[in-house]
Amino acid sequence: MKFRSQTILAAAVAVSNVSVVQAHVFIWGVFVNGVDQGTFNGIRTPAYNGPPPRGYSNSPVKDLNSIDMRCNVLGDKQVPHTIKVAPGDNITLDWHHNNRTIADDVIDFSHHGPALVYLTPDPPTENSFVKIWEKGLYELGPGPFTPGKWATTWDIKANNGLMNFRIPANLKAGFYLIRAEMVGLHEADARFDQNSWRGAQFYPNCVQIEVVGDGNVELPEGVSFPGAYKYDDPGVHYNIYCSTERAPLVPCTDASTYKIPGPTVWSGAWPETTQVALGPVTGPTTATRWSSWIQQSVVTTATFNQAGSPVPVATSRYMASWSLAYAAPTAPSAL
């Protein structure tokens, strides 16, 4: 991966008064062949989980049986913009935590784990998610309690949140979703189904794309979300302190290998990703104040008083509802 152009500094603005209290992560932007498509354009941004200024929209998903494993909370809701791409295009996803600048910490350095990209027709069907890129543990740590080098922290975080992959060659034209994901294994020595306070943390995020051109290659059968991962998968229930060169002081079945969750990468995917220089960021680099949030499937909508504090005015229930057939988005989706 490459560091973005320093021209991003010219686009940066002062950090807003929105505070995010967890070092979690989601996609803020998409570059196609190095050209930014605009902040949040095409991205099904996860819902905020509380009122401003303390809520945040980058909570992990830990329940492997939840529909939120597909594209996170609100992943079923279309966004107005769909990004056009062609087979072979280089895609760079711009992951961030607090703001879309090179000063952002992207993800906490404790959140070691793999990064993955799937592709599915839009809308997804059963077994429609095909893995086209992945990276996990690629260098062992020097000793006990020193995790090795992982995709989330030593690759993506170290490169300002950039994740690179390519649209498969000769892919058939149509509407697709990119399902990109970072996984934090810092609490994965426990299983969420046995200890809901701990367990692997998944950060899925989906991007709407339209593939153009005259390609004739269709995606093969893939996997379903939820369903692709199990609590006892070795890539889900794993102690990151096993990724060391010397025998760690924790129980390990294998201290030198790690199996990334899910299926193998599709043979039709690009074996390598070409690194491309990135142009300037277009659009805002900070989040705006939000007036609705979702907690335990309850949607709260608020207005703001003269002091700027949120005042709840209405509540409703949210339940993900995925369409069975594609329909072009025409307006911003409501909760």
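Scope of the values below: all heavy atoms of this structure, side chains included, with no hydrogens, waters or symmetry mates. By convention here, the first residue in the shown sequence is residue 1.
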*Asks:* Please determine whether residues Tyr229 and Val265 belong to a single hydrophobic cluster, defined as Ile, Leu, Val, Met, Phe, Trp and Tyr linked transitively by side-chain heavy-atom distances below 4.5 Å.
*Replies:*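 Result: no, two separate clusters.
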*Asks:* Could you tell me which non-hydrogen atom of Leu74 sits nearest to which non-hydrogen atom of Ala47, and how far apart they are?
*Replies:* CD1-CB, 3.5 Å
*Asks:* State plainly whether one hydrophobic cluster holds both Trp293 and Val298, where clusters connect Ile, Leu, Val, Met, Phe, Trp and Tyr through side-chain heavy atoms under 4.5 angstrom apart.
*Replies:*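 In one cluster: no.
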*Asks:* If you look only at pairs with a residue in residues 157-214, which of them pass as a disulfide (SG to SG under 2.5 Å), with sequence neighbours excluded?
*Replies:* Cys71-Cys206
*Asks:* Please round to the nearest 0.5 Å and tell me the distance separating atom CD of Gln78 and atom CG of Asp122.
*Replies:* 6.5 Å
*Asks:* What I'd like to find out is whether the side chain of Val32 reaches to under 4.5 Å of the side chain of Ile91, using heavy atoms alone.
*Replies:*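 They are in side-chain contact.
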*Asks:* Donor-acceptor pair, Asp104 side chain versus Thr101 backbone, under 3.5 Å?
*Replies:*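 No; zero donor-acceptor contacts below 3.5 Å.
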*Asks:* Tell me if a side-chain donor or acceptor on Lys131 pairs with a main-chain N or O of Pro263 at a distance below 3.5 Å.
*Replies:*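 Answer holds: yes.
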*Asks:* Drop me the distance from Asp68's CG to Asp76's CG, to the nearest 0.5 angstrom.
*Replies:* 8.5 Å
*Asks:* Does one hydrophobic cluster hold both Trp133 and Val217, with members joined at side-chain heavy-atom distances below 4.5 Å?
*Replies:* yes
*Asks:* To the nearest 0.5 Å, what is the distance between CZ (Phe165) and OG1 (Thr92)?
*Replies:*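 It is 8.5 Å, given to the nearest 0.5 Å.
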*Asks:* Could you tell me whether the side chain of Ile67 reaches within less than 4.5 Å of the side chain of Pro226, counting heavy atoms only?
*Replies:* yes
*Asks:* Check whether any side-chain N or O of Gln208 sits under 3.5 Å from a backbone N or O of His81 as a donor-acceptor pair, and report yes or no.
*Replies:* yes
*Asks:* So which residues get pulled into Val35's cluster when ILVMFWY side chains under 4.5 Å apart are joined, directly or through others?
*Replies:* none
*Asks:* So, do Tyr203 and Trp95 have ring centers that fall under 6.0 Å from each other?
*Replies:* no
*Asks:* What's the separation between atom CG in Asn99 and atom CG in Asp105, rounded to the nearest 0.5 Å?
*Replies:*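 It is 8.5 Å, given to the nearest 0.5 Å.
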*Asks:* With clusters defined by side-chain heavy atoms of hydrophobic residues (ILVMFWY) lying less than 4.5 Å apart, directly or transitively, does Trp270 cluster with Val30?
*Replies:*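 Val30 and Trp270: separate clusters.
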*Asks:* Take Tyr231 and Gln194 through the test side chain to side chain contact (heavy atoms under 4.5 Å, CB included) and record every step on the way to the result.
*Replies:* CA-CA 9 Å; Tyr231 289 112; Gln194 297 175 349; over 6 Å; no
*Asks:* So, using side-chain contact (heavy atoms from CB on, under 4.5 Å) as the criterion, who are the partners of Ser323 when residues are at least two apart?
*Replies:* none
*Asks:* Are Asn205 and Asn72 packed together at the side-chain level, in the sense that at least one heavy-atom pair is separated by less than 4.5 angstrom?
*Replies:* no
*Asks:* Can Arg100 be said to sit on top of Trp28's aromatic six-ring, NZ or CZ under 6.0 Å from centre and within 45° of the ring axis?
*Replies:* no
*Asks:* Is there side-chain contact between Lys259 and Tyr238, with at least one heavy-atom pair below 4.5 Å?
*Replies:*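 They are not in contact (no side-chain heavy atoms under 4.5 Å apart), so the answer is no.
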*Asks:* Decide yes or no for Val130 and Pro220: does some side-chain heavy atom of the first lie under 4.5 Å from some side-chain heavy atom of the second?
*Replies:* yes
*Asks:* How far does CG of Leu278 sit from CG of Asp36, to the nearest 0.5 angstrom?
*Replies:* 8.5 Å
*Asks:* For the side chain of Asn41 and the backbone of Gln37, is there at least one donor-acceptor N/O pair under 3.5 Å apart?
*Replies:* yes
*Asks:* Side chain of Arg166, backbone of Gly88: donor and acceptor closer than 3.5 Å?
*Replies:* yes
*Asks:* More than 12 heavy atoms of other residues, nucleotides or ligands under 6.0 Å from CG of Asp214: yes or no?
*Replies:* no
*Asks:* Can you tell me which residue pairs pass the salt bridge (charged side-chain N to carboxylate O under 4.0 Å, His left out) test with a partner in residues 175-200, sequence neighbours excluded?
*Replies:*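 Counting only pairs at least two positions apart or across chains, the salt bridge (charged side-chain N to carboxylate O under 4.0 Å, His left out) contacts touching residues 175-200 are Arg179-Glu181, Asp189-Arg198, Arg191-Asp193.
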*Asks:* Hey, is the main chain of Gly235 close enough, under 3.5 Å, to the side chain of Tyr258 for a donor-acceptor pair?
*Replies:*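 Yes.
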*Asks:* Taking all non-hydrogen atoms of both residues, which atom of Pro52 and which atom of Arg289 are closest, and how far apart?
*Replies:* CG-CG, 3.9 Å
*Asks:* Aromatic rings His186 and His111: how do their planes relate, parallel, tilted or perpendicular, breaks at 30° and 60°?
*Replies:*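 His186 vs His111 ring planes: parallel.
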*Asks:* Would Val73 and Tyr318 satisfy side chain to side chain contact (heavy atoms under 4.5 Å, CB included), going step by step from the backbone distance to the final call?
*Replies:* CA-CA 9 Å; Val73 182; Tyr318 166 72; 4.0 Å; yes
*Asks:* Would you name the heavy atoms of Asp63 and Met69 that are closest together and state the gap between them?
*Replies:* O-CG, 3.4 Å
*Asks:* For Gln201 versus Pro60, what's the shortest heavy-atom pair and its separation?
*Replies:*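 Between these two residues, the closest heavy atoms are CB-CB, 3.6 Å.
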*Asks:* Remaining members of Tyr138's ILVMFWY cluster at a side-chain heavy-atom cut-off under 4.5 Å?
*Replies:* Phe109, Trp154
*Asks:* So do the side chains of Ser128 and Leu219 get within less than 4.5 Å of each other, counting heavy atoms only?
*Replies:* no
*Asks:* Would you please test Val236 and Asp232 for side chain to side chain contact (heavy atoms under 4.5 Å, CB included) and show each step?
*Replies:* CA-CA 7 Å; Val236 174; Asp232 59 356; over 6 Å; no
*Asks:* What is the minimum heavy-atom distance between Ala180 and Ile27, and which atoms define it?
*Replies:* CB-CD1, 4.1 Å
*Asks:* Report, one line per pair, each donor and acceptor closer than 3.5 Å where one atom sits in a side chain of residues 168-178; sequence neighbours left out.
*Replies:*
unit_1, atom_1, unit_2, atom_2, d
Lys172, NZ, Glu218, OE2, 3.1
Tyr176, OH, Lys172, O, 2.7

*Asks:* For the atom pair CD1 (Ile43) and CZ (Phe26), what is the distance rounded to the nearest 0.5 Å?
*Replies:*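 One finds 8.5 Å between CD1 of Ile43 and CZ of Phe26.
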*Asks:* Using only heavy-atom distances, determine whether the side chains of Asp89 and Asn33 contain a donor-acceptor pair under 3.5 Å.
*Replies:* yes
*Asks:* Restricting to non-hydrogen atoms, name the atom on Ile102 and the atom on Asn160 that form the minimum distance, rounded to 0.1 Å.
*Replies:*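 In terms of heavy atoms, the two residues are closest at O-OD1, 3.8 Å.
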*Asks:* For the pair Thr152 (side chain) and Met182 (backbone), establish whether a donor and an acceptor sit closer than 3.5 Å, ignoring hydrogens and angles.
*Replies:* no
*Asks:* In this structure, would Trp266 and Val207 fall into the same cluster of hydrophobic residues linked by side-chain contacts under 4.5 Å?
*Replies:* yes
*Asks:* Return yes when atom CD of Glu272 has more than 12 non-hydrogen atoms of other residues, nucleotides or ligands closer than 6.0 Å, and no otherwise.
*Replies:*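 No, the 6.0 Å shell around CD holds no more than 12 heavy atoms from other groups.
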*Asks:* Ile209 and Ile167: side chain to side chain contact (heavy atoms under 4.5 Å, CB included), yes or no, with the steps?
*Replies:* CA-CA 10 Å; Ile209 62 170; Ile167 302 298; 4.1 Å; yes
*Asks:* Compare all side-chain heavy atoms of Gln295 with those of Thr300 and state whether any distance is below 4.5 angstrom.
*Replies:*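 In short, these two side chains do not touch, never coming nearer than 4.5 Å.
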